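The structure displayed is predicted, hence computed values, not measured ones.
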Amino acid sequence: MRTFKIYSPLMIAKYVSSFFKGQFEVAEQGIFVFDGGKVLIDENSSEIQRKVGKEVNKIIAGFLAHSRPSNLQYQ
């Protein structure tokens with residue numbers, strides 16, 4: 001489990017997408033669980049934890065959108 005001393009969504013997104021499954025902690029914001037390359041947002045999570053999870057997942061989705069070819073033409 002990695003601890004991030006400051007909240008940096010881009011750095012966290014890189015960590016989550018690299019390791020695919022595990023946990024991380026953001027100082028003063030709590031412990032987060034990720035699986036399948038996405039941060040899991042529990043219904044018991046605080047509003048801050050939901051916001052962090054959504055923001056990190058949005059950045060990861062951007063990574064995936066840029067890595068996939070958008071114009072495939074088969075001949």
Side-chain angles (χ1 to χ4, degrees):
M1 178 169 77
R2 178 157 179 198
T3 301
F4 295 92
K5 295 184 188 288
I6 59 169
Y7 174 61
S8 175
L10 182 60
M11 192 181 311
I12 294 169
K14 287 180 181 179
Y15 176 78
V16 170
S17 62
S18 295
F19 288 98
F20 208 69
K21 185 175 184 177
Q23 294 180 346
F24 66 91
E25 179 181 5
V26 179
E28 299 180 8
Q29 294 183 2
I31 296 175
F32 298 83
V33 178
F34 60 95
D35 190 11
K38 291 185 176 182
V39 178
L40 302 177
I41 302 170
D42 190 10
E43 58 191 33
N44 297 330
S45 301
S46 69
E47 189 63 35
I48 293 172
Q49 289 179 325
R50 287 184 185 143
K51 182 179 176 186
V52 169
K54 287 179 184 179
E55 187 172 6
V56 172
N57 286 340
K58 186 175 182 180
I59 293 171
I60 293 170
F63 290 164
L64 295 175
H66 290 327
S67 68
R68 293 180 185 150
S70 59
N71 189 7
L72 290 177
Q73 295 179 354
Y74 296 104
Q75 296 179 0

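The cluster map of Ile, Leu, Val, Met, Phe, Trp and Tyr, joined by side-chain heavy atoms under 4.5 Å apart, puts Phe20 and Phe34 in different clusters.
The side-chain contact (heavy atoms from CB on, under 4.5 Å) test with Arg50 singles out one residue from Val39, Ile41, Asp42, and that residue is Ile41.
A distance-only check finds no donor-acceptor pair linking the side chain of Asn57 to the backbone of Lys38 [under 3.5 Å].
Enclosure of atom CG in Leu10 by more than 12 non-hydrogen atoms of other residues, nucleotides or ligands within 6.0 angstrom is indicated.
Listed by chain and residue number, nothing satisfies the side chain to side chain donor-acceptor pair (under 3.5 Å) test with Gln29 (two or more places apart in sequence, or in another chain).
Here the CD1-CE distance, from Ile6 to Met11, works out to 6.0 Å after rounding to the nearest 0.5 Å. The CD atom of Gln23 sits 11.5 Å away from atom CZ of Phe32, with the distance rounded to the nearest 0.5 Å. Considering CD of Glu25 and NZ of Lys5, their distance stands at 9.5 Å, rounded to 0.5 Å.
Taking the six-membered ring where tryptophan is involved, the planes of Tyr15 and Phe24 are perpendicular, since the angle between them exceeds 60° and thus also 30°.
Across all non-hydrogen atoms, the minimal contact from Ile59 to Pro9 is CD1-CB, 3.5 Å. Taking all atoms of both residues into account, the shortest heavy-atom contact from Val56 to Ala13 is CG1-CA, 3.9 Å.
Within the 4.5 Å cutoff, the side chain of Glu28 has no heavy atoms near those of the Tyr7 side chain.
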